[in-house]
Amino acid sequence: MWLSRSVRFSLLPSIAKFPPFLPIHNSLFCSHSHSQTSLHDDAVSQFNRLLHQRHVPPIFEFGKILGFLVRMKRYPTAISLIKQMELKGIHNDLANLNLLINCCCHLHKLSFAFSVFAKILKRGYHSDAITLTTLVRGLCDKGEVKEALNLHDKVITLGSRLNQFTYVTLINGLSKIGETKAAIELFRTIQGQSTVMYNIIIDSLLKENHPKEAYGLYSEMVIKGISPDLITYNTLIYGFCLVGQVDVAFGFLNKMVSNSIRPDVYTYNILIDAFCKERKLGEANNVLGVMVKAYVKPDVVSFNALMDGYYVVNKGKNAKQVFSAMTHMGVSPDVRTYNIMINGLIRNEMVDEAINLFHEMQNRNIFPNTVTYNTLIDGLCKTGRISHAWDLFHEMRGRNPQADVITYSSMIDVLCKNHQLDKAIELLRKMRENGVQPDMYTATILIDGMCRGGRLKNAQEIFQDLFNKGHNPNIRTYTVMISGLCKEGLLDEALTLWSKMEDSGCLSNIITFEIIISALFKNDETEKAEKFFHEMISRDLLK
DNA sequence: TTAGGGTTAG
């Protein structure tokens, strides 16, 4: 089915069977002669030459170099160079101060960014939309979207004029914290909605599984004459693959090509990943071949997606070959490459090899992040190497990368499984103390642990606490609680909770049914058990 | 010379 789709896909005039793991000899794909470091060093020495000229050169000459460094994400360097200018008595213009704010925001030094903003106002510069947009983005990136909206309201009252960039940033900020509804409301108040705004909303709607609404917005933009661009199509292709409507995704791929929009590295990567997720590795490889033929250079994302796909289908050898192929092509592995390999090895129960990679990456100056630690910790716990898992957990204490909700949940889980329930609760307390909030997953682990350890009351308290805090338990949480009640012979309470769960719209899965049916049979309530059995059949859950 | 959107890992 997938093959026939790709044959129809007009990008593939002939399915090029790309020899998967051979390095590609193509001058276009050679790595750059200048390394990032030497470009950075050249920029700094040019800057210093300007700084030491007898007559101060025009400020925008400094700005050009600073802008280049910011594009290279060398924020600390840019900040230090701007400081040097000020020390020499050279006053920066508004553009350079905006750059400075941008750097501070990227480094999450918001108070410093706002002090630069104060300096701008003090110097009598008219704070412009660029300054405000940069600050708004800084706030949004830190998750402080409410504050960003407040800043927006404040500057509007003060008479500042904002533009499309500011609104794009606000809409994006709202969307990325899951406030898509609020994002759409804001979007509807704006005159002159842009392609970028539509792209952000379509993306959020698809990621939240609202394909109809997303399609509606796409049609709306077309009707209004707002042209979908490359990113619109990539977003639609990715999103419709995500919600399982692959035919629609391919429809957009054809539409984009017929509108003369050339697929880029994102498009191909989305397709490679989609095929890999469907375990269609042959198809994924074909996409790689097509992209190479189209002179689009595969990047680290292309190879990472492909490697993950090979691990999913249990072909670790092929994944390793992809790893060598990427190196041959001059594509450097990143932290995700290693995380994918570590995860793949753990899935295949090769924990020692995973630990070796953990050391290898550090020797290559690729530093493990929270995901790396979580993957390894979970693997070590699941294979009974608990003291090693604790060592890694303690290694994270008080430094980067920091333990997150997944790290804590893994350790709480291992404590529960080893019947150390008090220690599990103590760790829950510590995690809260460190500013990490437990989620539904953590709660489910604890409820399950308490029930298995005969501490039903504790389990019920945790479960009730979820409701008190306004959370909606998911099917797993309900199921472990129902199972705990059944285990203690409290069948009536279990059935009351079952009804409550179904009424809330959370529908039973096969595991929930099995637990209830077996408890009813055990309690000689055969009639009720049969009723539940028939209900399970009628819901087609046996499939 | 300064501000906005899309892809891969637990």
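The structure displayed is predicted, hence computed values, not measured ones. The chains referred to below are lettered A, B, ... by the order of the sequence lines, with proteins before strands, and numbering in each begins at 1.
Between Asn102(A) and the phosphate of dA3(B), there is a side-chain N or O to OP1/OP2 separation shorter than 4.0 Å. Tyr238(A) has a side-chain polar atom (N or O) that falls below the 4.0 Å cut-off from OP1 or OP2 of dT8(B). Put simply, Lys207(A) has a side-chain N or O that comes within less than 4.0 Å of OP1 or OP2 on dT7(B). For dA9(B), one of the phosphate oxygens OP1 or OP2 lies less than 4.0 angstrom from a side-chain nitrogen or oxygen of Lys277(A). Listed pair Arg71(A) / dT1(B) fails the phosphate criterion, with no side-chain N or O lying under 4.0 Å from OP1 or OP2.
You'll find that the side chain of Thr169(A) is closest to dG4(B), out of dT8(B), dT1(B), dG4(B). Minimum atom distance to the side chain of Ile130(A) is reached by dA3(B), of the listed dA9(B), dT1(B), dA3(B). With dA9(B), dT7(B), dT2(B) as the candidates, the nucleotide lying closest to the side chain of Tyr266(A) is dT7(B). The side chain of Asn96(A) lies closest to dT1(B), out of dT1(B), dT8(B), dT7(B). Taking the side chain of Lys64(A) as heavy atoms from C-beta on, and the options dT7(B), dT1(B), dA9(B), the nearest nucleotide is dT1(B). Checked against dT1(B), dT7(B), dT2(B), the side chain of Phe60(A) finds its nearest nucleotide in dT1(B). Checked against dG4(B), dT8(B), dA3(B), the side chain of Val301(A) finds its nearest nucleotide in dT8(B).
Ile270(A) comes within contact range of the sugar-phosphate backbone alone, with a heavy-atom separation under 4.0 Å but no base atom that close. At the heavy-atom level, Thr372(A) lies nowhere under 4.0 Å from the strands shown. At the heavy-atom level, Asn172(A) lies under 4.0 Å from the strands shown only through sugar-phosphate atoms. At a threshold of 4.0 angstrom between heavy atoms, the contacts of Arg137(A) are confined to the sugar-phosphate backbone, with no base atom among them. Among the protein residues, Asp404(A) comes within range of the nucleic acid bases, having at least one heavy atom under 4.0 Å from a base atom. Among the atoms of the strands shown, base atoms are found under 4.0 Å from some heavy atom of Thr133(A).
Between Tyr238(A) and Tyr266(A), the distance separating the two ring centers is not shorter than 6.0 angstrom.
What separates NZ of Lys119(A) from P of dT2(B) is a distance of 20 Å, to the nearest Å. Atom CG in Leu132(A) sits roughly 14 Å away from atom P in dG4(B) (whole-Å rounding). dT1(B) atom P lies 16 Å from atom CD1 of Ile82(A), rounded to whole Å. One can place OH of Tyr268(A) at 18 Å from P of dT8(B), the figure rounded to the nearest angstrom. Put simply, CZ on Phe323(A) is 18 Å from P on dA9(B), counting in whole angstrom units. Computed from coordinates, the Asp203(A) CG to dG4(B) C1' distance equals 14 Å when rounded to whole Å. Rounding to whole angstrom units, NZ of residue Lys73(A) and P of dA3(B) are separated by 13 Å. For Tyr233(A) and dT7(B), the OH to C1' distance is 19 Å, given to the nearest whole Å.
Applying the ring pair (Phe, Tyr, Trp, His ring centres under 6.0 Å) test to Tyr75(A) and every residue at least two apart in sequence or in another chain returns His106(A). Residues that satisfy the ring pair (Phe, Tyr, Trp, His ring centres under 6.0 Å) test with Phe47(A), not counting sequence neighbours, are Phe62(A).
Counting heavy atoms of neighbouring residues, nucleotides and ligands inside a 6.0 Å radius, atom CD of Glu86(A) exceeds 12 of them. Sparse packing is recorded around NZ of Lys317(A), with 12 or fewer heavy atoms of other residues, nucleotides or ligands lying under 6.0 Å away.
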Audit row: Ile101(A), Phe114(A), side chain to side chain contact (heavy atoms under 4.5 Å, CB included) steps and yes/no: CA-CA 8 Å; Ile101(A) 290 179; Phe114(A) 276 95; over 6 Å; no

Could you walk me through whether Asn96(A) and Met85(A) pass the side chain to side chain contact (heavy atoms under 4.5 Å, CB included) check? CA-CA 11 Å; Asn96(A) 285 1; Met85(A) 287 174 72; 4.1 Å; yes

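In this structure, Phe165(A) does not count as stacked on the base of dG4(B) under the 5.5 Å centre distance and 30° plane angle limits.
Non-hydrogen atoms lying under 4.0 Å from DNA chain B are contributed by Ser194(A), Thr195(A), Val196(A), all within residues 187-198 of chain A.
Arg123(A) and Asp93(A) are not joined by a salt bridge, as no carboxylate oxygen comes within less than 4.0 angstrom of a charged side-chain nitrogen.
Using a 30° and 60° split on the angle between ring planes, Phe393(A) and Trp390(A) fall in the perpendicular class, above 60°.
Evaluation of atom-type donor-acceptor distances gives a pair under 3.5 Å for the side chain of Asn163(A) against the base of dA3(B).
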